[in-house]
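Presented below is the structure to which this report refers.
To find a chain, count down the sequence lines: A is the first, B the second, and so on, and within it residues start at 1.
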Protein chains: 2
Amino acid sequence: MSKQAEFAVILKMNPMFADLGADELQRLANLCHTQHLANGEVLFQKGDPGDALFGVRRGQIRIETGASDGSRLTLNFMGPGDLFGEVAVLDGQNRTADATAGEASELFVLRREDFLAFLEREPKVAIKIIMLLCQRIRWQSERMEESMLQPLPVRLARRLCALAADYGSEVHISQEQLGVFVGAARESVNRQLQAWRKEAILDLQRGRILLKNMTKLTSIARNE
Amino acid sequence: MSKQAEFAVILKMNPMFADLGADELQRLANLCHTQHLANGEVLFQKGDPGDALFGVRRGQIRIETGASDGSRLTLNFMGPGDLFGEVAVLDGQNRTADATAGEASELFVLRREDFLAFLEREPKVAIKIIMLLCQRIRWQSERMEESMLQPLPVRLARRLCALAADYGSEVHISQEQLGVFVGAARESVNRQLQAWRKEAILDLQRGRILLKNMTKLTSIARNE
DNA sequence: AAAGTTATGTGACTTATGACACACTTCCTC
DNA sequence: GAGGAAGTGTGTCATAAGTCACATAACTTT
């Protein structure tokens, strides 16, 4: 399979591009380049202009941000097939976090100027993108308002479910980082996780959480 | 001034259309119609397809929603110069609230099909819209995550400042509705307002709040 | 293997806010 | 103007979650 065809598949999996037609998608994918990164190499830093969209072909990219105390907090891991920077490529605003290769990686790169020129050539695609962005706005405002008002167990369960969707039942994350994600103190996170361990919903190891009962967890996430 | 020119001015005031060129803006405004509503007349209801964007020429439109207990809660008042349904007109999704005329009103109406055809004719405008939507997405995700984690006084101050921007220093809203806005219990809202009254930041009347010290209020909103 | 560093577990305390209960006021309606 | 509805003011209590303090466990470095 060609590089471009491979990229088209990745684009297709992202909700943002999911309902483009196969032909449109392929023409878009044809604009991509590839880029190699060595382990530890920096892809971009907070404040850099958002001049491209990236897809992970192989390897791992860490999205992280410097915390106020100088320590670094990982916000997300992007693995093969994941796409990131979709919004940045459209509006060109500065990056809000750093991205570093967690291992030797190869990325698909779709440059902003190429993408914009494409949209100008294909206004029907631009309109589809507009609709998708609108959906995202609605979805965000519905979810957010609701989500942050939920009690901690619900927020925590939701985040764990989301992580599980990416990594399977073995989530590799520290409780401190989990706390940052859900906007809670580390201790509170720990206490809730302990409670769930006693109910056999999950198991805990250093830097790792093993989800044992996703059924129960998702029902908590739905707030019963 | 022609109807269309008047509408162009309203569009221009909305961030969503603010940086369109004067010519593009005028061509867009030329697509508008007008519609008259008698006092109490229903413009649309929750669940109706979002097939138009509205601007208030004169009168008042209330955006409200039926609460679970059957009572109605007013979510927003739109006065002359206000624009609403910008997102609906783009993505065509169903309305999420009801809109009713609070008095005899005249509206500018920009129909979805006209707007989409316009975007297809003018891809450069479509791209500008895309960027604006992206900004909105960023803005939302930054604000939301941050905002809901703030303590109640901050959320309350922010909402009051926002309302003041629309209505001046005399905000006409019940404490119960204010509670809905900021996601808090009526009693908590009341207690905070009382505290501020004692500090001479504001004054309270039935169904009305008089902001007396916006400087202090905005500094609270910024979380000191 | 000793020492240091990071992650986790847990108790004691504090604080913010929600929940309930009820008094009081204003306004509306008949 | 009597009665009711809606809005407001306040006390009491319960609870969720943050904070602080420290113990313990697990990896790392030398």
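In the interface, the side chain of B:Arg186 is paired with the base of D:dG9 through a donor and an acceptor atom under 3.5 Å apart. You'll find a donor-acceptor pair under 3.5 Å spanning the side chain of A:Arg191 and the base of D:dT19, going by distance alone.
For the pair A:Asn190 and C:dT8, the criterion of a side-chain N or O lying under 4.0 Å from OP1 or OP2 is not met. One finds no side-chain N or O of A:Gln192 lying less than 4.0 angstrom from the OP1 or OP2 phosphate oxygen of D:dA16. Side-chain nitrogen and oxygen atoms of A:Gln194 include at least one within less than 4.0 Å of the OP1 or OP2 phosphate oxygen of C:dG9. Neither OP1 nor OP2 of C:dA7 sits under 4.0 Å from any side-chain N or O of A:Ser174. Put simply, B:Gln205 has no side-chain N or O that comes within less than 4.0 Å of OP1 or OP2 on D:dG7.
The shortest heavy-atom contact between B:Pro153 and B:Ile220 is O-CG2, 4.0 Å. Heavy-atom minimum distance, A:Val42 versus A:Leu37: O-CD2, 4.5 Å.
Here the rule is side chain to side chain contact (heavy atoms under 4.5 Å, CB included) with B:Met16, and of B:Leu83, B:Leu90, B:Val87 only B:Leu90 fits it.
Among the heavy atoms of the strands, none lies under 4.0 Å from A:Gly179.
With B:Glu41 contributing its side chain and B:Ala38 its backbone, the two residues share a donor-acceptor pair below 3.5 Å.
The interatomic distance linking A:Leu202 (CG) with C:dT8 (C1') rounds to 14 Å, in whole Å. Rounded to whole angstrom, the span from the CZ atom of A:Arg155 across to the P atom of D:dA17 amounts to 7 Å. Counting to the nearest Å, the C1' atom of C:dT6 and the NE2 atom of A:His172 are 13 Å from each other.
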